[in-house]
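Step one of this worksheet: look at the structure below.
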Number of protein chains: 2
Amino acid sequence: MTAGSRLPDDVEPDTCAAFRDALDRVGSKWGIAIIAAASDGPIRFAELHRSIPGISRRMLTLTLRTLERDGLITRTVHPTVPPQVEYTATALAEELYASTRALSAWAENNHAKIAAARAAYDGNEAARQEEHTAPEARVRADPRP
Amino acid sequence: MTAGSRLPDDVEPDTCAAFRDALDRVGSKWGIAIIAAASDGPIRFAELHRSIPGISRRMLTLTLRTLERDGLITRTVHPTVPPQVEYTATALAEELYASTRALSAWAENNHAKIAAARAAYDGNEAARQEEHTAPEARVRADPRP
DNA sequence: CAGAATCCCCGGTGATACTG
DNA sequence: CAGTATCACCGGGGATTCTG
């Protein structure tokens with residue numbers, strides 16, 4: 001397939017699809033946080049759990065599994081008496097994390113503009129609502145039973 | 001608040017949060033595709049709808065609204081007899097889109113490695129399953145009523 | 001300590017039909 | 001043409017409990 005069938009799958013053939021593909025790996029709620037935390041060398045499950053405030057053990061486990069599956073995190077089990085497991089970000093994950101910086105930087109630099117744009121939009125929106133409801137209607141609170 | 005209360009909100013204080021913030025703007029299923037399509041100059045609703053294959057009119061409208069609200073897309077209405085509306089990506093959106101490239105590039109360059117990692121993981125996973133089910137059990141299909 | 005299992009909720013998304 | 005309005009789904013994510 002895709003060879004002659006002319007599937008309608010080519011808007012921004014590569015770039016756009018590739019971006020979504022990257023998001024599938026690191027777009028989950030905790031993905032980036034985990035990779036970031038595991039970038040500073042091996043870190044144990046409990047440490048990870050503590051260093052990422054809002055996360056539940058469940059989501060930590062699940063996200064770690066997908067990251068491990070994709071080769072972004074290595075899992076090392078030390079068969080000591082209280083089980084001890086260490087996680088480390090792979091080189092691949094480090095590259096991914098680095099590729100993330102541009103987006104983070106953009107967000108940091110422009111979240112003020114975004115907020116302003118929202119305020120402006122919401123303001124005009126509210127104004128349009130008023131004139132759409134027709135001025136007369138706004139006076140009629142009509143406290144009649 | 002946040003002054004002395006020592007809120008547990010500082011894993012990767014800025015970077016990680018900023019990334020998630022960026023995703024809130026462009027992480028939706030169609031966000032990037034729309035910005036990409038609107039980067040090549042003004043484009044009409046129907047054109048947009050055609051150039052992004054899988055999208056429904058509903059999601060196109062909704063996503064355009066949020067993008068407009070965040071100042072990433074400008075909406076221009078021409079009061080002609082058949083209504084004509086044009087959308088254009090703002091400079092802000094262009095910067096955002098540019099900041100996206102690093103991630104897209106990473107995905108393009110490494111999706112092979114990812115696939116390989118997955119295959120390896122799934123292979124070992126299946127193997128572990130077998131030996132965990134205990135060899136004997138695998139022989140017992142037990143066709144008894 | 002490091003999970004696995006279960007239940008439940010909610011928001012993003014899709015399908016369909018109607019409108020100015 | 002360019003939307004809006006409804007309904008319905010389903011999968012990510014959270015809270016809680018159990019285990020080797």
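These numbers come from a predicted model, not from an experiment. In what follows, every chain begins at residue 1, and chains take the letters A, B, ... in the order their sequences are listed.
- Comparing A:W30 and A:R57, the nucleotide of DNA chain D nearest to each residue sits closer to the 5' end for A:W30.
- Going from atom NE2 of A:H49 over to atom P of D:dA15 covers 10 Å, rounded to whole Å.
- Taking atom CZ on B:R20 and atom C1' on D:dG13, their separation rounds to 12 Å, with Å as the unit.
- Atom pair B:I34:CD1 and D:dG3:P shows a separation of 12 Å (rounding to whole Å applied).
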Filtered N/O pairs between nucleotides 5-10 of chain D and protein, under 3.5 Å:
| from | atom 1 | to | atom 2 | distance (Å) |
| --- | --- | --- | --- | --- |
| D:dT6 | O4 | B:R58 | NH1 | 3.3 |

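- Of the candidate nucleotides D:dC1, D:dG3, D:dG20, D:dG3 has the atom nearest to the side chain of B:R65.
- DNA chain D is contacted by both A:P83 and A:G27; A:G27 maps to the nucleotide lying nearer its 5′ end (nearest heavy atom per residue).
- In this structure, NE2 of B:H78 is placed 14 Å from C1' of D:dA2, rounded to the nearest angstrom.
- To the nearest 0.5 Å, atom CD1 of residue A:I43 and atom CD1 of residue A:I52 are 7.5 Å apart.
- Atom P of nucleotide D:dG3 and atom CG of B:L64 are separated by 8 Å, given to the nearest angstrom.
- Between the CG atom of B:L64 and the OH atom of B:Y87 there is a distance of 5.0 Å, given to the nearest 0.5 Å.
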Please report the C-alpha distance between B:S28 and B:T66 in whole Å, then the side-chain angles of each, then the deciding distance to 0.1 Å, and finally whether the side chain to side chain contact (heavy atoms under 4.5 Å, CB included) criterion is met. CA-CA 10 Å; B:S28 72; B:T66 44; over 6 Å; no
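- Within 4.0 Å of A:S56, counting heavy atoms only, lies no atom of the nucleic acid at all.
- The residues B:R20 and B:D24 are annotated as not salt-bridged, no charged nitrogen and carboxylate oxygen being separated by less than 4.0 angstrom.
- Here the closest non-hydrogen pair linking A:V26 and A:G31 is CG2-C, 4.4 Å.
- The structure places OG1 of B:T90 at 9.5 Å from CG of B:L67, a figure rounded to the nearest 0.5 Å.
- The overall bend of the helix from C:dC1-D:dG20 to C:dG20-D:dC1, read as the angle between its terminal helix axes built from five base pairs each, is 40° when rounded to 10 degrees.
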Verdict with reasoning, B:L92 to A:W106, per side chain to side chain contact (heavy atoms under 4.5 Å, CB included): CA-CA 9 Å; B:L92 198 57; A:W106 179 89; 3.9 Å; yes
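- Sequence order on DNA chain C of the closest nucleotides to A:R44 and B:S28 puts A:R44 first from the 5' end.
- Distance CD (B:E86) to P (D:dC1): 14 Å, rounded to an integer number of Å.
- Rounding to the nearest 0.5 angstrom, the gap separating the CD1 atom in B:I55 from the CD1 atom in B:I34 is 4.5 Å.
- Separating the CG atom of A:D24 from the P atom of D:dG12 is a distance of 10 Å, rounded to the nearest angstrom.
- Interface limits on DNA chain C: the 5'-most and 3'-most nucleotides within less than 4.0 Å of chain B heavy atoms are C:dT13 to C:dG20.
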